[in-house]
Amino acid sequence: MRAESIETLFDRYGPAYKWLAAITGMIGGMTAILASSTVNVAFPDIMGAFGIGRDQAQLLSTGYFAATTAGMLISSWLIESFGERKTYTGALLVFIIGAAMSGLAHNTETLMIGRVLQGASSGIIMPLGMTVTFSVFPTNRKGSSMGFYSMGMVLAPTLGPMMGGLAIEFFNWRYVFLLTLPSTGVALLMGLLFMPSRAMPKRLPRFDFIGFVFFCIAMSGLLLGFSYGQRLGWSSNEIIGLFTLGSAATLGFAFRQIYGDAPFINLALFRNIQFVAASAIAFFAGCAFLSSTFLVPLFVQQIQNYTAFDAGLIMMPGGLSLLIMYPLTGRLADSWPPHVLIYIGLIAFGIAFLALATADVNTPFWTIVAFTIFIRAGTAFTRPVTNAAALRSLPPELLNQGSGAVNLMRQLGAVIGTNGLVVFLELRIPFHGDAFAAMQTAAHHTSQEMREALIRLLTEAGVPQTVREPGALHFLGDVIYAQASTLGFQDAFAALGIVTLFGLVPAWIMAITRKGAPIRFRRRLQ
């Protein structure tokens with residue numbers, strides 16, 4: 001494969017090449033995001049098929065995000081070693097293998113390995129596509145280029161739940177993982193034609209294997225600890241061991257980045273206050289958006305008893321609204337101060353989640369839709385602006401590393417946010433359930449009236465006397481659990497809204513600092 005630079009490809013394809021390259025990167029990125037979002041409506045079916053709980057099922061989502069983060073760590077090294085074209089097409093081939101393993105899995109281990117392969121390849125595909133898109137557009141169109149790329153990245157998780165719902169409605173949960181194969185094939189073909197390539201260096205760049213192992217151990221230990229903590233007990237030896245291992249590996253990874261000879265994260269990036277602020281905003285926005293794509297479909301299926309298709313359909317209007325909002329915010333990013341747009345986006349997130357904190361089984365379909373549109377507005381006003389602000393603050397030679405770093409922060413936000421949200425939900429539901437159960441005494445007239453009414457209905461239905469009392473109590477238990485679950489979800493939405501508003505702090509820092517302002521470190525950064 002001969003070397004073909006961006007300039008060479010512009011000479012071959014003319015001005016249209018920038019769109020060919022951008023569409024190539026966007027299709028790959030959309031495919032990667034689709035793989036993470038289509039599964040969200042399939043959790044109840046997967047839980048039933050394998051007999052697992054909500055805490056274990058969320059590993060399919062957070063495990064994917066964690067693997068994506070690991071892929072982002074090595075993406076810069078792969079591009080420097082093999083070039084954009086080989087890296088892009090190789091990652092897509094691994095993605096296809098992972099999709100096939102997930103769709104054909106007969107146990108949770110195979111399913112999890114397939115998701116990890118998909119996630120790791122996605123972590124390589126997304127920053128690569130973003131960097132190429134940013135590079136092929138002229139300086140005065142950088143914001144628009146990020147708006148175009150981000151439109152695909154956020155449209156995908158909006159359409160993903162609906163596509164997953166259709167697959168479950170007409171086939172079964174396995175097809176949720178196979179939906180991405182056609183678009184992966186298209187991205188692979190276009191990557192061979194339109195991605196730039198370079199000759200392999202005579203000597204490969206150094207790779208920090210020890211740091212990478214530390215990162216993988218850290219993610220595995222912490223995610224498994226959070227996933228099984230409620231089931232095994234937070235003070236059990238297994239969970240304490242997992243958290244200890246994960247924390248120690250996290251410290252090891254941090255030291256490797258500071259003192260290692262070939263760190264994955266170029267710490268020189270974080271001398272720039274604008275880049276640091278943009279990365280922090282990406283973390284909070286990633287937590288908000290990707291956590292919502294997990295939580296909203298789960299809420300409408302488990303609380304409002306929607307089908308998988310209806311759960312996907314409820315996300316669609318928000319996605320369609322992005323067709324208007326993304327081009328608008330992309331253009332505004334070229335002329336408005338970035339912090340103003342980010343303020344608007346973060347406040348929209350906060351409003352949406354605090355409104356969802358009032359939703360229950362009686363909340364109408366279109367009211368939930370309105371809340372999801374606010375979530376999409378929050379993403380439209382933060383993602384392209386954050387990407388453009390982060391990359392504009394860097395010199396050209398740091399664009400690949402900067403793209404990987406800002407996407408890494410976004411994915412970490414998704415991993416930590418989704419995982420923490422599920423743990424919080426699993427704690428709040430029993431809390432409310434215990435509180436309600438403690439109120440069910442002989443002095444609680446409403447409960448006693450309901451119990452007597454149920455016994456009377458069972459008597460009229462001809463149910464044997466020995467079954468009437470247990471049946472009435474069982475129904476009351478179901479009512480209590482349903483109400484506790486509703487309040488648990490409401491608490492989770494409220495917590496997500498509060499966390500999102502923390503992003504206003506780095507946005508304010510971005511507003512008061514000049515572009516390129518350095519942060520002074522005592523230790524020299526490499």
Side-chain angles (χ1 to χ4, degrees), residues 1-10 17-18 20-29 31-32 67-95 117-137 142 145-146 149 153 184 187-188 190-209 211-212 215 257 260-269 275 279 387 390-391 394-411 526:
M1 186 181 294
R2 66 181 186 277
E4 292 182 317
S5 66
I6 289 176
E7 290 74 17
T8 302
L9 292 169
F10 263 112
Y17 172 68
K18 64 178 178 292
L20 295 172
I23 291 170
T24 301
M26 189 177 76
I27 292 176
T31 301
T68 299
T69 308
M72 288 177 175
L73 282 180
I74 64 173
S75 64
S76 180
W77 180 84
L78 289 172
I79 293 170
E80 290 181 16
S81 302
F82 304 104
E84 289 86 352
R85 184 177 298 175
K86 289 180 180 177
T87 301
Y88 187 75
T89 53
L92 287 169
L93 288 173
V94 173
F95 186 91
L117 289 177
Q118 282 188 292
S121 55
S122 296
I124 298 167
I125 293 166
M126 288 189 289
L128 194 159
M130 187 175 98
T131 302
V132 170
T133 301
F134 188 84
S135 300
V136 298
F137 277 78
K142 298 297 187 186
S145 72
M146 290 297 94
Y149 182 79
M153 297 308 97
T184 310
L188 184 62
M190 294 186 71
L192 290 170
L193 295 174
F194 305 124
M195 276 290 168
S197 63
R198 66 180 75 174
M200 285 188 60
K202 294 181 180 179
R203 185 176 180 181
L204 293 179
R206 288 177 295 181
F207 183 79
D208 185 8
F209 287 100
F212 188 69
F215 180 83
Q257 299 316 294
D261 294 329
F264 290 107
I265 302 173
N266 188 343
L267 296 182
L269 295 170
F275 184 84
S279 298
N387 290 344
L391 297 184
L394 301 175
E397 64 271 16
L398 290 178
L399 285 182
N400 271 327
Q401 295 174 339
S403 171
V406 75
N407 277 288
L408 174 70
M409 292 301 294
R410 183 175 289 112
Q411 290 303 124
Q526 302 298 325

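Residues: numbered from 1 along the sequence shown. A quick note: this is a predicted structure, and the numbers were derived from the prediction, not measured. Values reported hereafter were calculated over all heavy atoms of this structure, with side chains retained and with hydrogens, waters and symmetry mates removed.
Annotation: the span from K86 atom NZ to M195 atom CE amounts to 15.5 Å, rounded to 0.5 Å. Here the OG1 atom belonging to T89 is positioned 5.5 Å from the CG atom belonging to L192, to the nearest 0.5 angstrom. One finds the CZ atom of F194 at 4.5 Å from the CG atom of L20 (value rounded to the nearest 0.5 Å). With rounding to the nearest 0.5 Å, the separation of CG in L204 from CG in L78 is 10.0 Å. Interatomic distance, L188 CG to I27 CD1, rounded to the nearest 0.5 Å: 11.5 Å. Distance check, rounded to the nearest 0.5 Å: CG of L9 to CZ of R85 gives 6.0 Å.
Put simply, the side chain of D208 reaches to within 4.5 Å of the side chain of Q257, judged on heavy atoms. Under the 4.5 Å side-chain criterion, counting only non-hydrogen atoms from C-beta, S75 is not in contact with L128. Counting only heavy atoms from C-beta outward, the side chains of T133 and M26 never approach each other to under 4.5 Å. When side chains are defined from C-beta on, V406 counts as touching M130, because their heavy atoms get closer than 4.5 Å. For the pair I125/Y88, a side-chain contact is recorded, criterion being any heavy-atom separation below 4.5 Å from C-beta on. Using a 4.5 Å heavy-atom cutoff, the side chains of F207 and I74 are in contact.
When every heavy atom of A21 is checked against every heavy atom of V132, the shortest pair comes out as CB-CG1, 4.1 Å. Smallest separation of non-hydrogen atoms from F95 and Q118: CZ-NE2, 3.5 Å. Here the closest non-hydrogen pair linking A32 and M126 is CB-CG, 4.1 Å.
By the side chain to side chain donor-acceptor pair (under 3.5 Å) test, S122 is found to be paired with Y64, residues two or more places apart in sequence or in another chain being considered.
The aromatic rings of F10 and Y17 sit perpendicular, their planes meeting at an angle over 60°, well past the 30° parallel limit.
Under the 3.5 Å distance criterion, the side-chain polar atoms of R198 are left unmatched by any main-chain donor or acceptor of G83.
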